[in-house]
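Some notes on the structure that comes next.
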Amino acid sequence: MLSLTATTLNSSIFTQSKTHGFFNTRPVYRKPFTTITSALIPASNRQAPPKQQLYQPFRPPPSPIPPKFRSLDTAGKIEVLADRLGLWFEYAPLISSLYTEGFTPPSIEELTGISGVEQNSLIVGAQVRDSLVQSGAKPELIAAFDTNGAELLYEIRLLNTTQRVAAAEYIVDHGFDTKGAGDLARAIKDFPHRRGDVGLGDFDYNLPGDCLSFMLYRKSREHRSPSEIRTTLLEQALETAVTEKAKKAVLRELHGESEEERVKEEEIKIIRVPVVRLRFGEVAGASSVVVLPVCKAEEGEEKLLEAPMEFESGGEFGVVEAEKDWSRWVVLPGWDPVVAVRKGGVAISFSDDREVLPWNGKGEAIMVVIDREKKTVEADNGYYYLVVADGGMKLDRGLVLKEKGVNESLGMVVLVVRPPRDDDDEWQINDEDWD
């Protein structure tokens, strides 16, 4: 390696000049000049730039087969399965290994005596067990399934990892068999889909016991009162309930409820306003859609009255044409209540449902679709209307408005739409939650 060194030298030259007969000597300075020398630096002193490893070699995932079985050939794997050598979760991965070698469930059953149903149970059960181990579950919980645990773990396969751990603990603590484990898993999985059912808010979704209790509570309501089946289901629901709120709800159903609670429940039953939550991608996948003008609730009644009354789509491309210009529109799936509004439909957006709904809200934004052609209030407890009250707009029942002497509203409510939300898409399960 060549190194350059620069050295700067200054030089001066004296000149003489004659002034008034005397010689005057003075130095004349010139610009400095630089000399450059070079030297070789040994190669051993060089610092090479750090190398970046751009290529990462493929590393296959660790084999699920225990180390003691990895060296087995095909005949050895079949022998282990036929004689059940080891614990069930140890030899279960050998079944998948034989599948990759071209064996089929019937051929494995013929060679080992393990039926196709049992093969599936062993494979899935081992995968569920692995998920419990990876989640950091207690060793004693894992050990509880070491003997004949495949069938029990198979039943909780559709739950996510957190739910699996909670369900497994509940199964071990209560000594559930396969049927009990299946009922528990279905109760946990079905709970989020029961929004709107009577009594759901009294049970805690995060507790497997409350989920199972609600399933029994819900089934009891399918039978007439009094009946032996209904009483038995409620007694079982009371035994499995964990929270005090859930126990009180079951006791009310078991021993009867007050007149006030009964009237409130009847009011809920006759509500004719559908409340729906929009799902992600639902508009894009809908076979038909409806376009409505939108008003903000804070803009007041005047803005609502200015919204176009008539608008329709036509032509080959379904272009929407309105009687007047409007800046805000919303596209909704072609739900029947919305499609039925031929003229005067409009959507009003509210930032907080607790300020507008007469029942318990969730503290989230909503959109209320009304029919301005139906402004006359009818004394029917099932119809709701949008009215101006306390300086703002809110919903109220027709019977209540009639009692207050209100005969005309801004329009009859035909639909309440909630925004899409991730935790409501229970049918969308992450890949890691599937076996």
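Sequence positions, counted from 1, serve as the residue numbers for this chain. Treat the numbers as computed from the prediction; the structure is a model and nothing was measured.
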Go through the structure and list residues passing side chain to side chain contact (heavy atoms under 4.5 Å, CB included) with Lys248, not counting sequence neighbours. Arg252
Any residue meeting salt bridge (Lys or Arg N to Asp or Glu O under 4.0 Å) with Asp204, in chain and number order, not counting sequence neighbours: none
Give me each pair satisfying side chain to side chain donor-acceptor pair (under 3.5 Å) with a member in residues 169-183, each pair once, sequence neighbours excluded. Lys179-Asp183, Asp183-Arg186
Do any pairs count as a salt bridge (Lys or Arg N to Asp or Glu O under 4.0 Å) and have a residue in residues 138-151, sequence neighbours left out, and if so which ones? Arg129-Asp146
Sequence neighbours left out, what passes side-chain hydrogen bond (donor to acceptor under 3.5 Å, both in side chains) with Lys343? Give chain and number order. Glu310
At their closest point, which heavy atom of Pro333 faces which heavy atom of Val283, and how far apart are they? CD-CG2, 3.9 Å
Neighbour count above 12 (heavy atom, 6.0 Å) for Asp336 CG: no
What pairs with Ser349 under side-chain hydrogen bond (donor to acceptor under 3.5 Å, both in side chains), at least two apart in sequence or on another chain? none
The test is side chain to side chain contact (heavy atoms under 4.5 Å, CB included); show your working for Asn407 and Lys402 and say whether it passes. CA-CA 6 Å; Asn407 297 317; Lys402 276 290 188 180; 3.2 Å; yes
Val346 to Cys295 - nearest heavy-atom pair and separation: CG2-SG, 4.1 Å
Could you note down all residue pairs passing salt bridge (Lys or Arg N to Asp or Glu O under 4.0 Å) where residues 292-307 supplies at least one of them, sequence neighbours left out? none
Holding to ring-ring contact (aromatic ring centres under 6.0 Å, His included), I want the full list of residues that pass it with Tyr217, two or more places apart in sequence or in another chain. Phe203
Residues in salt bridge (Lys or Arg N to Asp or Glu O under 4.0 Å) contact with Arg194, at least two apart in sequence or another chain: Asp190, Asp197
If you define the side chain from C-beta out and look only at heavy atoms, does anything of Val416 sit under 4.5 Å from Leu395? yes
For the residue pair Met367 and Ile348, establish whether any side-chain heavy-atom pair is separated by less than 4.5 Å. no
Strictly by salt bridge (Lys or Arg N to Asp or Glu O under 4.0 Å), give each pair with a member in residues 74-84 just once, sequence neighbours left out. Lys77-Glu101, Arg84-Glu118
Please determine, by modelled atom types, if Tyr99 and Gln119 share a side-chain donor-acceptor pair under 3.5 angstrom. yes
Qualifying ring pair (Phe, Tyr, Trp, His ring centres under 6.0 Å) pairs, either residue in residues 386-412, two or more places apart: none
Partners meeting side chain to side chain contact (heavy atoms under 4.5 Å, CB included) with Asp396 (sequence neighbours left out): Val400, Leu401, Lys404
Lys/Arg N to Asp/Glu carboxylate O, Arg277 vs Glu364, below 4.0 Å: yes
